[in-house]
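Report on the structure given below.
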Amino acid sequence: MPRMMKESILVFLLAALCCACAEKPALKSGNPLFEGWYADPEGVVFGDELWIYPTWSHTYGEQLFMDAFSSKDLVHWTRHEKVITQENISWLWQALWAPSVVERGGTYYLFFGANDMHEKGEGGIGVAVADNPAGPFVDALGHPLIDEVVNGAQPIDQFVFRDDDGSYYMYYGGWGHCNMVRLGENLMSLIPFEDGELYKEITPQGYVEGPFMLKRNGMYYFMWSEGGWTGPDYHVAYAMSDSPFGPFERIGTILESDPEVATGAGHHSVVKGKEADTYYIIYHRHPLGATDGNNRVVCIERMYFDENGHILPVKITFEGVPALTEGF
């Protein structure tokens, strides 16, 4: 073969290879993030890893443990089985729900709702501790931290928020009411606010359950779920305030069903990425065609803000978000 022809073929092959590489789509997380029926995902960054702690989405009587999942790139996930179980919570007999996890001083605290409490003494919100984010978490009190209905709020769906001044607040509540409480130095007790109150009701219009708090650029973003968790109308709304106590006036819906993708998108959390002003919303949804209300899967999308600081509506996808190369 003539030399000129060989060089032409080589140039052609190199050009084709370059085109193929250029056209290769970027690796993405995909949605759902991992297999299995899970809901109420709490996302939290430990080191350079994203950890997700969800509810195991099955019948109440089967919800006696929780798994966790960790990833550095949002594509490959490690399942940590049974990070907390009934064996380590003496008063749990059903409905272990909606974990919220924080780390302080090398100790990991997992707050949970148990037993679908309706009357005092049946259950409520508890706290377990471990020296590793993968557990095993052990009940720290031997009884609930909150075991009564205050201001009409069922003690479930707790989210623990650390403010910039080091204060820890817990927002919680089902049945259309939301309370906030202040946690003591050990994160296992409640202490009064400056006005002497132990519980403050902060319920915004439309609130049902699943509260979450985010602070960005000095502004507090309070978010929650509306609608029924088994149905297609489940969605997330939000409010803004310059105080963690509100008032929180509903601004709009930011996450909802898409008839071409999934239904019942809700009960979320938000984590900040390594890059400036990069935020991810982690949530559960029902796959299209699901007939069991417990058929919920965990997904992730990017969350953006406009020039006025308002949260833009989130588009739910099958693709998810781009893979990370250097962790969180």
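Please read all numbers here as calculations on a predicted model, not as lab measurements. Every heavy atom of this structure was used, including side-chain atoms; hydrogens, water molecules and symmetry mates were not.
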Should E226 and Y207 count as side-chain neighbours, where that means a heavy-atom distance under 4.5 Å?
no

Measure the shortest side-chain to side-chain distance between L190 and L145 over non-hydrogen atoms and say whether it is less than 4.5 angstrom.
yes

Sequence neighbours left out, what passes ring-ring contact (aromatic ring centres under 6.0 Å, His included) with [X]? Give chain and number order.
| X | value |
| --- | --- |
| H58 | W37, W56 |
| F69 | F34, Y38 |
| F161 | none |
| Y168 | none |

[Y] versus [X], side-chain donor and acceptor atoms under 3.5 Å:
| X | Y | answer |
| --- | --- | --- |
| N115 | W91 | no |
| D157 | Y171 | no |
| T59 | E62 | yes |

Side chain to side chain contact (heavy atoms under 4.5 Å, CB included) with [X]: which residues, sequence neighbours excluded?
| X | answer |
| --- | --- |
| Q86 | L64, L92 |
| A68 | W51, Y53, H80, V83 |
| E301 | N31, I281, Y283, R285, V314, I316, T317 |
| P287 | A290, N295, V297 |

What's the separation between atom [atom1] in [X] and atom [atom2] in [Y], rounded to the nearest 0.5 Å?
| X | Y | atom1 | atom2 | answer |
| --- | --- | --- | --- | --- |
| H284 | S225 | NE2 | OG | 7.0 Å |
| L255 | M303 | CG | CE | 10.0 Å |
| Q94 | M117 | CD | CE | 12.5 Å |
| Q63 | W93 | CD | CH2 | 12.0 Å |
| T291 | N294 | OG1 | CG | 11.0 Å |

Determine whether I300 and I52 fall in the same hydrophobic cluster, where Ile, Leu, Val, Met, Phe, Trp and Tyr are linked whenever their side-chain heavy atoms lie under 4.5 Å apart.
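Cluster IDs for I300 and I52 match.
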
Please lay out, stage by stage, how D164 and K215 fare under the test salt bridge (Lys or Arg N to Asp or Glu O under 4.0 Å).
CA-CA 9 Å; D164 295 338; K215 191 174 185 181; 3.0 Å; yes

Run R216 and D277 through salt bridge (Lys or Arg N to Asp or Glu O under 4.0 Å) and show every step you take.
CA-CA 9 Å; R216 171 184 177 270; D277 214 32; 2.8 Å; yes

Applied to residues 239-261, the ring pair (Phe, Tyr, Trp, His ring centres under 6.0 Å) test, sequence neighbours excluded, yields Y169-F245, F193-F245, F222-F248

Once ring pair (Phe, Tyr, Trp, His ring centres under 6.0 Å) is applied, what residue pairs with a partner in residues 303-328 remain, sequence neighbours excluded?
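Matches after skipping sequence neighbours: Y221-F305, Y279-F305, Y280-F328.
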
Could you walk me through whether K200 and D195 pass the salt bridge (Lys or Arg N to Asp or Glu O under 4.0 Å) check?
CA-CA 10 Å; K200 287 185 179 292; D195 60 7; 2.5 Å; yes

Taking side-chain hydrogen bond (donor to acceptor under 3.5 Å, both in side chains) as the definition, give me every residue that meets it alongside N217, ordered by chain and number, with sequence neighbours left out.
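Residues passing side-chain hydrogen bond (donor to acceptor under 3.5 Å, both in side chains) with N217: none at all.
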
Output field: ring centroids Y234/H286 closer than 6.0 Å
no

Got a list of side-chain donor-acceptor pairs under 3.5 Å for residues 175-184, not counting sequence neighbours?
| residue | atom | partner | partner atom | Å |
| --- | --- | --- | --- | --- |
| W175 | NE1 | Q154 | OE1 | 3.3 |
| H177 | ND1 | N151 | O | 3.3 |
| H177 | ND1 | E201 | OE2 | 2.7 |
| N179 | OD1 | N151 | ND2 | 3.0 |
| N179 | ND2 | V150 | O | 2.8 |
| N179 | ND2 | Y172 | OH | 3.0 |

